[in-house]
Amino acid sequence: LLLRSRVRVGLGGNGPFRFLFEGQDARAFFNNAPGDFVNSTTVDEFDILQLLGSLTLHNVGGSGLRTDLHVGRMTLDFGLRRYISRNDFRNTINTFDGAHWQIGQDNTWRFRAFLVEPVILNEVQLDQSTAKGVFWGTYVESSHVPWFNMNLFYFGLNDQPLPNNNLQRTYSTYGLRLFKVPAINEWDYEFEGAVQTGHLGNVKHFAYNPNVEA
C-alpha cells in the first residue's frame, strides 16, 4: 500500500515576487512479503519537494513579453514530458536545485533555459543535491502555425566520477518535436525524436529515440 501526502504553500499572488513551498511524505505499508521492495521510487519520508523564489514580469520593457525566473528547489516539466517530467505515476518525484528562466509571448512562442543539480532521493533523510552532477539545457516552443507546432531542445549532463570510479557520464541530447494539438473531428499527429551522444567513462555513447503517432 503506497501513500503519498503533500502540503503546498504559495505567497505573492500574481507577483512580481513569489515564494513556493511544497512538502511531501511518501511511504509504503504492508511491504514485508517476499518480492516487495522499498527504495527511493516508493519512499521519501518528510521531505522538501519544492522551495523556491520567483520573479515575474508580465510586460518586459513594454514589449508584451512575459519572463519568469525561478531559483531554488523545483520540479520540471518539458514538452510531452518524455525526457524531463514531474513524475505522475511514481510514488516519489524527481526534483532539482538551481535556476530556471523563461521568456515568451502568450501562447505563440517561449524560450526556456535551466542550470540545475539533480537531487538524490533518500528514503529517510532529507534529500540533497550533489555538486558532482550538473544538468542544463534549453527548450524552444513555437506555435506560430496551428497545424505545425514545433519544439526544439538541447540537454547536457556532466557527472563527475567518484573516487576509484572512471564511469563519468558526459552526455549531450539534441531533440525535435513536431505536432498538431488534438481537436474533436480533426486529424492530429506528433513526431518527437532525440539523439544522444557522449561518453560513459572511456566508452563512447550513442542513443536515439524516435516516436511517431497520428
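The residues of the chain are indexed from 1 along the displayed sequence.
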[X] versus [Y]: any side-chain heavy-atom pair under 4.5 Å?
X	Y	value
Arg66	Thr56	yes
Gln196	Tyr83	no
Asp159	Lys132	no
Gln50	Thr75	yes
Phe21	Val7	yes
Leu55	Trp101	no
Thr197	Tyr174	yes
Leu20	Arg8	yes

Looking at [atom1] of [X] and [atom2] of [Y], how far apart are the two atoms once the value is rounded to the nearest 0.5 Å?
X	Y	atom1	atom2	result
Tyr171	Leu200	OH	CG	4.5 Å
Glu22	Leu52	CD	CG	9.5 Å
Leu178	Leu152	CG	CG	9.5 Å
Phe78	Glu141	CZ	CD	8.5 Å
Ser142	Arg177	OG	CZ	12.5 Å
Leu3	Asn91	CG	CG	7.5 Å

Practice problem: For side-chain contact (heavy atoms from CB on, under 4.5 Å), just list the numbers for Thr95 and Gln24, CA-CA rounded to whole Å, side-chain angles, deciding distance to a tenth of an Å, and then say yes or no. | Solution: CA-CA 12 Å; Thr95 189; Gln24 175 175 276; over 6 Å; no
Judged by atom type as modelled, is there a donor-acceptor pair below 3.5 Å linking the side chain of [X] to the main-chain atoms of [Y]?
X	Y	value
Thr170	Gly198	no
Ser40	Glu123	no
Arg86	Arg81	no
Asn87	Phe89	no

Could you verify whether a donor N or O on one side chain and an acceptor N or O on the other, from [X] and [Y], lie under 3.5 Å apart?
X	Y	result
Asp44	Thr92	no
Thr41	Asn39	yes
Gln102	Asp68	yes
Gln125	Asp47	no
Gln168	His199	no

Quiz item: Taking the six-membered ring for Trp, is the centroid-to-centroid distance between Phe114 and Phe96 below 6.0 Å?
Solution: no
Are more than 12 heavy atoms from other residues, nucleotides or ligands located less than 6.0 Å from atom [atom1] of [X]?
X	atom1	answer
Gln105	CD	yes
Tyr189	OH	yes
Asn107	CG	no
Phe17	CZ	no
Asp88	CG	yes
Tyr208	OH	no

same_hphob_cluster([X], [Y]) at 4.5 Å side-chain heavy-atom cutoff:
X	Y	result
Val145	Met150	yes
Leu121	Met74	no
Phe179	Val140	no
Val43	Leu126	no
Leu69	Phe111	yes

Quiz item: When you check the gap from the basic side-chain N to the acidic O, do Asp127 and Arg73 get nearer than 4.0 Å?
Solution: no
For [X] against [Y], the heavy-atom pair lying closest together:
X	Y	value
Arg112	Asp77	NH1-O, 2.8 Å
Pro146	Lys180	O-CG, 4.1 Å
Ile103	Trp109	O-CZ3, 3.6 Å
Glu117	Ser129	OE1-OG, 3.3 Å
Phe135	Gly156	CD1-O, 3.0 Å
Pro118	Gly133	CD-O, 3.5 Å

Practice problem: Take Leu51 and Phe19 through the test side-chain contact (heavy atoms from CB on, under 4.5 Å) and record every step on the way to the result. | Solution: CA-CA 8 Å; Leu51 182 64; Phe19 170 82; 3.5 Å; yes
Quiz item: side-chain hydrogen bond (donor to acceptor under 3.5 Å, both in side chains) with Asp188: which residues, sequence neighbours excluded?
Solution: none
Quiz item: When you look at Phe153 and Glu192, which way does the side-chain contact (heavy atoms from CB on, under 4.5 Å) test go after all the steps?
Solution: CA-CA 11 Å; Phe153 55 91; Glu192 184 171 29; 3.7 Å; yes
Quiz item: Does NZ or CZ of Arg27 come closer than 6.0 Å to the centre of the six-membered ring of Phe29, within 45° of the ring's axis?
Solution: no
Exercise. Would you please test Thr108 and Ser143 for side-chain contact (heavy atoms from CB on, under 4.5 Å) and show each step?
Key: CA-CA 5 Å; Thr108 305; Ser143 301; 5.7 Å; no
